[in-house]
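What's counted below: heavy atoms across the whole structure, side chains too, no hydrogens, waters or symmetry copies. Order of the sequence lines fixes the chain letters, A, B, ..., with proteins taken first and strands second; residue numbering starts at 1 for each chain.
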Number of protein chains: 2
Amino acid sequence: MPALAADLLKRFAAIVGDAHAITEPADLEPFLIEHRDLYRGSTPLVLRPGSVAEVAQIMALASETGTPIVPQGGNTGLVGGQIPHNGEVVLSLSRLNRIRSVDPGNDTMTVDSGVVLEQIQKAADEADRLFPLSLGAEGSCQIGGNISTNAGGTAVLAYGNTRDLVLGLEVVLADGRIWNGLRSLRKDNTGYHLKDLFIGAEGTLGIVTGAVLKMFPKPREVATAFVAVDDPAAALKLFTVARGKAGAQLTGCEILPRIGIEMVLKHAAGTRDPLAEAHPWYVLVELSSPLEGADVDGLMQAILEQAFETGTVRDAAIAGSIAQARDFWQIRLMMSEVQRSEGGSIKSDISVPVGKVAEMLERGIGIVEKMIPGVRPVPFGHLGDGNIHFNFSQPVGSDRAAFMAHWDEVTRVLDDLVMELGGSISAEHGIGFMKRDLMELIKQPVELDMMRAIKQAFDPKGILNPGKVV
Amino acid sequence: MPALAADLLKRFAAIVGDAHAITEPADLEPFLIEHRDLYRGSTPLVLRPGSVAEVAQIMALASETGTPIVPQGGNTGLVGGQIPHNGEVVLSLSRLNRIRSVDPGNDTMTVDSGVVLEQIQKAADEADRLFPLSLGAEGSCQIGGNISTNAGGTAVLAYGNTRDLVLGLEVVLADGRIWNGLRSLRKDNTGYHLKDLFIGAEGTLGIVTGAVLKMFPKPREVATAFVAVDDPAAALKLFTVARGKAGAQLTGCEILPRIGIEMVLKHAAGTRDPLAEAHPWYVLVELSSPLEGADVDGLMQAILEQAFETGTVRDAAIAGSIAQARDFWQIRLMMSEVQRSEGGSIKSDISVPVGKVAEMLERGIGIVEKMIPGVRPVPFGHLGDGNIHFNFSQPVGSDRAAFMAHWDEVTRVLDDLVMELGGSISAEHGIGFMKRDLMELIKQPVELDMMRAIKQAFDPKGILNPGKVV
């Protein structure tokens, strides 16, 4: 157990009360393990404050004593940002779990940062509104973590990243002062936009304790199509047609390779091929409208007709029921999961300008196929955002460990390609601990200098999530 | 003329060449006068660099010598932010006026910061796309100024503020270093989002020299309705119905008072009342769709029917032609202008949470009517953004000067009300020079401290637009 003087530990514990100051090894465990078992941290103390005032007191004491703090939400982060890698004290936000108010008249909701994303979705739904942020971990991730990592998910195309869903923030600073920036305004040009600095800062500039979130009208009509195309270039053309005709009503546009479909059909019970014949690539297109009776099926027909006419599309199925639409999405949602049953897979989280997705896919596949003969590329994801989960499964019958030993090499060539195309090596997940060493490679010195200057200004003692991001 | 040592002036001039270093009083004039004649600055030198490298050299020299610099775009700012109030050197971006590239495949455009907004709208149009930022000064304002003030305008409801339209920035820092942040990605979570710090910073943190802008599908079908309601509360209800049914297809929602209509009918040639009878308040509703043949008229009908059923709406006219839609908008667009013909008017630029617009209007009108008997309130504007131009015309037959003497008093009570309702005293225009003294009143000390810490980190010598914002 890392060192923390007994009297200091007691002072921290006294702030939250002994019942909420965890020190028993067995009880600490869930806060230390990254859920894919990539990282295991260590800590003498997990603090579970029950109020913003307690968070402020913890930071004031941490600042006074130079004690490093790792803030933690639902512990679902994918880059190790929430883990105490060097024995830091963990500050868990889980007890700040109140939805403070819901205001349908302003289409906003004010929440504690420890509220689980699914609870927020439900609260919006009960107010006959949509909170569009949606991702795999939504049953356990917390909105404070979503905000601190600027989470993406499946609804970015129409509604934006988490950044675009936040109107205001409440933040406890490194020195324990509380900033009440809980504004719920659509327009406010009074000075620097501090909220955008904390969003995506991964807990290195302050601790988010509350937020004002935007809500949207609920979709009443949805059309979902499973569309076959020859290659990623055709998929891009289809996206351009769909976006041009549907605008903001295009709420999903995901690209899927044939091999991914086959893996799903083989390993996921109850799935079936939406189309009669096999095609090399597919696009899952979703349109939606808040207007009851809106003709989104007609809109889908118009999009597909234009795409057929130009030879962009080979075949297509429009879901005839909600159940069928769910089946289409199920294929997409299972695509990461089923790769486990096919042996080792090397994964990444990258983005490029939307118009360069086809080039990135074609060149990236070519490079890795040359590097590892027999490798099975399974790239899929958010075509409309330029964000692809560029995954590779091991060659059939090959040795798993030997394949996985290529991880760094594959990641490096893909990252190089992504940078050449003006892309990002971390589209959704952030930098955290995992990618911090890459920052020197991907950022200009002047940009790193600006980030360090901000970090220095906001956290001069370096106690907020040290060793992460910058 | 303020002092600037002759040899230093020569060094600055040498960077841009004598032809672009203005020192003659007559030639300096256009850079010194605020167009409403609220402010008049002074300067020994206006520099008109022709490249980003020259901007960088200017700032390097300014930093070396501690010379304050005021960046200026189209000189259309409304809070005096672009004026050299204390004899600073003016850095005009006007010669950086190239559209660097247009990429319809990625729905983006990369531009110099000195390009006039209207040119950008046209370039998008030529690529069969929409650049939605639109405001009164669009024929002369420059995109760099729009970015530095996070300009609003008439399309915020559907497309957001300027901030939401910018994917990447190129910025020359106070010390002359160039940050190339010209990314064109929809998703990028690699460190602090520096671009959002420069947007809306009014040239106090760096000089924007280039930007990557988002483009959108062009609207193909538009429906426009002029709707009569009893009061602002009914207007809000109508907005809620329209937003709930049309979602992102609701592209305009403006509130107008009867007296404003009457002023327009009286003073603006060729205008006529869209409805047969007079009503106390009106809402101008616009729907649009990028899909040719989309039934936006049917959508408008559905919205109005539901609003009629609940007694929210008294009467409505749907434009039967593009010309009629233009006539409806003309009434809205003339509303500020015609107030000139009715004597003095006291104006403001405020916002509140959308759900509080009715309360703000009712209380604000009540307070000022009590303060100035006979005053004529003419509040109108962006209902859907919570941003109202809360204007007051002088009582009929009263003394103009006596009325205008109430400016500060009226502004103060409105600002107090706005702050009480969680609003903003500068929704669109920024802080600049005009509202800097108010920052102490409207911001928490901790927020001002953060802003000052950022200013100190980015501009330690205080040479970037000194005396503005913070």
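Residue contact with chain A, scored on non-hydrogen atoms closer than 4.5 Å, involves the backbone of B:A246 exclusively. Both the backbone and the side chain of B:N180 come within contact range of chain A, judged by heavy atoms closer than 4.5 Å. Residue contact with chain A, scored on non-hydrogen atoms closer than 4.5 Å, involves the side chain of B:R129 exclusively. Residue B:D175: no heavy atom, backbone or side chain, is found under 4.5 Å from chain A. Contacts of B:Q249 with chain A are made by side-chain atoms alone, with heavy-atom separations under 4.5 Å and no backbone atom involved. Interface residue B:L173: only side-chain heavy atoms are found under 4.5 Å from chain A. Heavy-atom distances place the side chain of B:I442, and not its backbone, under 4.5 Å from chain A. For B:T240, the part sitting under 4.5 Å from any heavy atom of chain A is the side chain, from C-beta outward, and nothing else. Within the 4.5 angstrom heavy-atom criterion, atoms from both the backbone and the side chain of B:K455 approach chain A. The part of B:L194 that comes within reach of chain A is its side chain, from C-beta onward, which places non-hydrogen atoms under 4.5 angstrom from that chain. Only the side chain of B:Q444 comes within contact range of chain A, judged by heavy atoms closer than 4.5 Å. Residue contact with chain B, scored on non-hydrogen atoms closer than 4.5 Å, involves the side chain of A:R183 exclusively.
Annotation for A:K214: atom NZ counts as buried by contact number, over 12 foreign heavy atoms lying within 6.0 Å.
The distance between the ring centers of B:F458 and A:Y192 does not fall below 6.0 angstrom.
Residues of residues 155-163 of chain B that come within less than 4.5 angstrom of chain A, heavy atom to heavy atom, are B:V156, B:N161, B:R163 in numerical order.
Note: B:I454 leads B:V469, B:I454, B:L182 in heavy-atom pairs under 4.5 Å with chain A.
A salt bridge does not link B:E447 to A:K195: none of the charged nitrogens lies less than 4.0 Å from a carboxylate oxygen.
Residues meeting the salt bridge (Lys or Arg N to Asp or Glu O under 4.0 Å) test with A:D297, sequence neighbours left out: none.
Taking OG of B:S351 as the reference point, atom CG of A:D188 lies at 6.0 Å (rounded to 0.5 Å).
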